[in-house]
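Shown next, in structure tokens, is the structure this report addresses.
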Amino acid sequence: MLDLKFVRENVAIVEEALRKRRSSLTLDGFLALDKARRERLVEVEGMRAERNAASEEIGRLRREKKDASELMERMKALSNRLKEAEAELPTIERKMEEFLLAIPNMPDPTVPDGAGEEDNPVVRTWGTPRVFSFPVKDHVDLGAALDILDFDRAVKITGGRFCLSKGAGALLERALINFMLDVHTREHGYLEVLPPFMANSASFFGTGQLPKYEEDLFRVAGTDYFLVPTAEVPVTNIVRDEILAAETLPLKMTAYTPCFRAEAGSYGKDTRGMIRQHQFNKVEMVKICRPEESAQELEKLTDDAEEILRRLDLPYRVVTLCTGDIGFSSAKTYDIEVWIPSQGRYREISSCSTFTDFQARRAKIRFREGASGKTRLAHTLNGSGLAVGRTVVAILENYQREDGTVDVPEALRPYMGGLARITKR
RNA sequence: GGAGGGAUGGCCGAGCGGCUGAAGGCGGCGGUCUUGAAAACCGCUGGGCGGCGACGCCCCGCAGGUUCGAAUCCUGCUCCCUCCGCCA
């Protein structure tokens, strides 16, 4: 959510940002609504002030055992008029709220202008895609032949866009989770947390998934709970409605969770394999920091995610999402894309964003400035470190051998009981 | 699931319907004292909205209601705690 005052005073700038985001939203009517609200407010508050003063006077009179009945009579009438005047406010305020909640974050000035994915500039590339001397298989064929990925059984158990991992496949998934968490906690200074895998609607409002993106979520029937689509939701909301001490910042947390996404509107996209699933594992990194630090923290966060790929020796590149491709709550996002041999292209495996104070304002995440004692909104950031399912895809495909077996990356072997190669049982 | 008890500021904790945005304590900040620190003493110390400002308004779990006036009374909801039952 943007600051109401900022929107009021910078309508042209906000509309320019919306245009750059290729958003169809306009601020038509916003200023009129805001004006109406303030006029009403002045009127109502004036009446309240009068009522408060009179009530005090009545209290004084009664303590002095004097008659206050005439004043009380007058106040009864005022009170009724006040109720009428107040009645319109909630409607206006609800409309204002809807307006504000629908406005996406302002893109950072360094975010390049562009319409979509194809306009995202490449920031850097690491590693060289391996040249295979044999026809490459994709992870579905590799996984089926090795009997470590079973999509058919998953369909029977649940349905499409689910996966059943078995044997070395399940072990690989578990090893990756442990490996990623260990690197982030032991070497990058993050605190490991294991949050609930469901969160209430207040939390989803806090990080911006609600009210706009409910159709992407799985709701637990008959409750106010939704399955988490990313650990960002439960972990960022750890500090919702809190005023943090400045010296505790930056807060750096990492969490493993499964992620549940309805993937509405992605029919026909990535239907094969485990690139796009309703449920996938992910290790997430979340930071809460001072506004002055957030730009630098985004760079570090992105590097923390890249480090995992470097350790796994998987070729990747980093792109900056352009204004047309950036997420609703994000001010700036780097996507890390890993090389997928079967597709001959890079695919997103991590998304690292700074939300500036956009989430913090919604979730009321503040900190107390040591010097002034003033409370300020914190900045929030998060990034995948990494999406585990897609890492499995990348490893199977990049480390495949001609005979259909798959080498285990050096860094993972200690996590897999020393296993150096995945072969059919 | 059944029966009780509770929800007040950064924390603990008072609060007959008017003098309570809220006693008192702790913590924090500033000062006196001290070579320095501690102790002692003094003062300050919640969040938000509107206004250039003086100032005004809102907030005692949430939402309604009663009343001239609600932290205090009433209704509904949410959450927490204790005991019993069930259960990984």
Side-chain angles (χ1 to χ4, degrees), chain A residues 1-9 30-101 194-206 210 219-220 222-226 234 237-249 251 288 357-378:
Chain A
M1 186 159 60
L2 297 180
D3 181 28
L4 170 60
K5 265 183 235 166
F6 175 82
V7 178
R8 177 188 299 148
E9 288 160 14
F30 181 79
L31 283 182
L33 208 56
D34 180 49
K35 189 158 173 277
R37 185 184 80 98
R38 286 198 285 172
E39 281 169 3
R40 264 281 177 265
L41 214 51
V42 168
E43 183 190 357
V44 165
E45 288 189 0
M47 288 165 81
R48 282 178 184 162
E50 191 182 343
R51 181 198 64 188
N52 290 350
S55 292
E56 214 169 294
E57 176 70 8
I58 291 169
R60 197 181 58 76
L61 288 172
R62 290 178 60 114
R63 250 173 286 125
E64 292 169 3
K65 306 269 190 271
K66 290 180 182 161
D67 178 47
S69 53
E70 189 205 340
L71 189 54
M72 282 167 64
E73 210 45 52
R74 283 220 316 272
M75 284 309 109
K76 198 180 176 77
L78 175 76
S79 197
N80 287 334
R81 274 190 291 129
L82 176 60
K83 260 175 204 153
E84 279 173 44
E86 276 175 336
E88 290 176 40
L89 263 177
T91 316
I92 300 175
E93 280 174 346
R94 208 174 309 119
K95 279 188 196 158
M96 296 277 296
E97 181 87 353
E98 275 168 27
F99 233 118
L100 281 175
L101 284 175
L194 183 61
F197 298 163
M198 302 178 194
N200 58 31
S201 59
S203 292
F204 279 86
F205 270 97
L210 287 179
R219 184 182 201 131
V220 182
T223 72
D224 180 46
Y225 304 157
F226 298 83
N237 277 282
I238 289 173
V239 291
R240 186 177 84 226
D241 290 323
E242 292 194 21
I243 301 172
L244 307 163
E247 59 269 24
T248 63
L249 304 179
L251 232 56
I288 316 289
D357 59 10
F358 189 84
Q359 291 181 328
R361 185 172 294 105
R362 290 175 164 235
K364 296 194 180 64
I365 302 170
R366 292 161 294 176
F367 69 97
R368 197 175 301 281
E369 194 74 83
S372 65
K374 284 278 173 206
T375 56
R376 297 175 64 194
L377 290 171

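Chain letters run A, B, ... following the sequence lines, proteins first, then strands; residues in each count from 1. It should be emphasised that the depicted structure is a prediction, and the values quoted were computed from it without experimental measurement.
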Would you mind reading off the distance between K364(A) atom NZ and C62(B) atom P, rounded to a whole angstrom?
-> 11 Å

With R60(A), which of E57(A), R62(A), E56(A) fulfils side chain to side chain contact (heavy atoms under 4.5 Å, CB included)?
-> E57(A)

Residue closer to the 5' end of RNA chain B, G59(A) versus M72(A) (nearest nucleotide) | G59(A)

Separation of the C1' atoms in C19(B) and A70(B), to the nearest angstrom | 16 Å

With no hydrogens and no angle check, is any side-chain donor or acceptor of R219(A) less than 3.5 Å from a backbone partner on T223(A)?
-> yes

Is there a Watson-Crick or G-U wobble partner for G76(B) with both distances under 3.5 Å, and which nucleotide is it?
-> C62(B)

Do F226(A) and V220(A) have side chains that get closer than 4.5 Å, going by heavy atoms?
-> no

Proximity to the side chain of S55(A) - top-ranked nucleotide from G51(B), G47(B), C68(B) | C68(B)

Reported CZ-to-CG distance for the pair F204(A) and N237(A), which is rounded to 0.5 angstrom = 8.5 Å

Heavy-atom distance under 4.5 Å between the side chains of R376(A) and I243(A), does that happen here?
-> no

Return the value, rounded to whole Å, for the distance between atom CD of E56(A) and atom C1' of G17(B).
-> 15 Å

Can you tell me how far P in C55(B) sits from the matching atom in A22(B), rounded to whole Å?
-> 16 Å

Identify the nucleotide, in any strand shown, that forms a Watson-Crick or G-U wobble pair with C44(B), with both distances under 3.5 Å; if there is none, say none.
-> G28(B)

Would you mind reading off the distance between M96(A) atom CE and C49(B) atom P, rounded to a whole angstrom?
-> 13 Å

Is any NZ, NE, NH1 or NH2 atom of the basic residue among R48(A) and E86(A) found under 4.0 Å from an Asp or Glu carboxylate oxygen of the other?
-> yes

Write down the distance between NZ (K76(A)) and P (G69(B)), rounded to a whole number of angstrom.
-> 8 Å

Does any nucleotide pair with A14(B) by Watson-Crick or G-U wobble geometry, both distances under 3.5 Å, and what is it?
-> none

In the strands shown, is U34(B) matched to any nucleotide by a Watson-Crick or G-U wobble pair with both distances under 3.5 Å, and which?
-> none

Rounded C1' spacing from C12(B) to G17(B) in Å | 27 Å

Quick one: is S69(A) getting a side-chain N or O under 4.0 Å of the C68(B) phosphate, OP1 or OP2?
-> no

Base-pairing mate for A70(B) - Watson-Crick or G-U, with both contacts under 3.5 Å | none

When you compare U20(B) with A3(B), how far apart are their P atoms, in angstrom units rounded to a whole number?
-> 41 Å

What protein N or O atoms touch nucleotides 10-15 of chain B N or O atoms at under 3.5 angstrom, if any, and at what distances?
none

Checking all strands, does R40(A) fall into the base, sugar-phosphate, or nothing category for heavy-atom contacts under 4.0 angstrom?
-> nothing

Note: E242(A)-R366(A) ion pair, threshold 4.0 Å (strictly below) = no

Whole-Å gap separating P (G50(B)) and CG (L89(A)) | 13 Å

Whom does G85(B) pair with, Watson-Crick or G-U wobble, provided both distances fall under 3.5 Å?
-> none

Separation between the P atoms of G27(B) and G76(B), rounded to whole Å = 43 Å

Between G48(B) (P) and R362(A) (CZ): distance, integer Å | 19 Å

Where protein sits on nucleotides 53-58 of chain B, one letter per nucleotide: B base, S sugar-phosphate only, - none, heavy atoms under 4.0 Å = ---BSS

Is the shortest distance from a Lys or Arg side-chain nitrogen in E39(A) or K35(A) to a carboxylate oxygen in the other one below 4.0 Å?
-> yes

Just checking R366(A): base, sugar-phosphate only, or nothing, at a heavy-atom cut-off of under 4.0 Å?
-> sugar-phosphate

C29(B) versus U78(B) - spacing of their P atoms, nearest Å = 42 Å

Separation of M75(A) atom CE from G17(B) atom P, in whole Å?
-> 24 Å

Confirm from the modelled atom types if R62(A) and G18(B) form a donor-acceptor pair under 3.5 Å, side chain to base only.
-> yes

Between S203(A) and N200(A), do the side chains contain an N or O donor and an N or O acceptor separated by less than 3.5 Å?
-> yes

Interatomic distance, CG@L82(A) vs CE@M75(A), rounded to 0.5 Å, equals 10.5 Å

Where the side chain of I58(A) is concerned, which of G18(B), G50(B), G69(B) is the nearest nucleotide?
-> G18(B)

Under 3.5 Å, side chain of R8(A) to main-chain N/O of D3(A), donor-acceptor pair present?
-> no

Separation of C49(B) C1' from E39(A) CD (nearest whole Å) | 17 Å

Return the 5'-most residue of the pair S79(A), R376(A) with respect to RNA chain B, ranking by each residue's nearest nucleotide.
-> R376(A)

Pairwise P distance, G69(B) and C81(B) [rounded to whole Å] = 38 Å

Among side-chain atoms of R51(A) and S79(A), is any donor-acceptor pair under 3.5 angstrom?
-> no

Nearest to side-chain heavy atoms of Y225(A), which nucleotide of G48(B), G50(B), C79(B) | C79(B)

Could you measure between the two P atoms, the one in A37(B) and the one in C33(B), and give it in whole Å?
-> 12 Å

For G9(B), the nucleotide meeting Watson-Crick or G-U wobble distances (both under 3.5 Å) is none

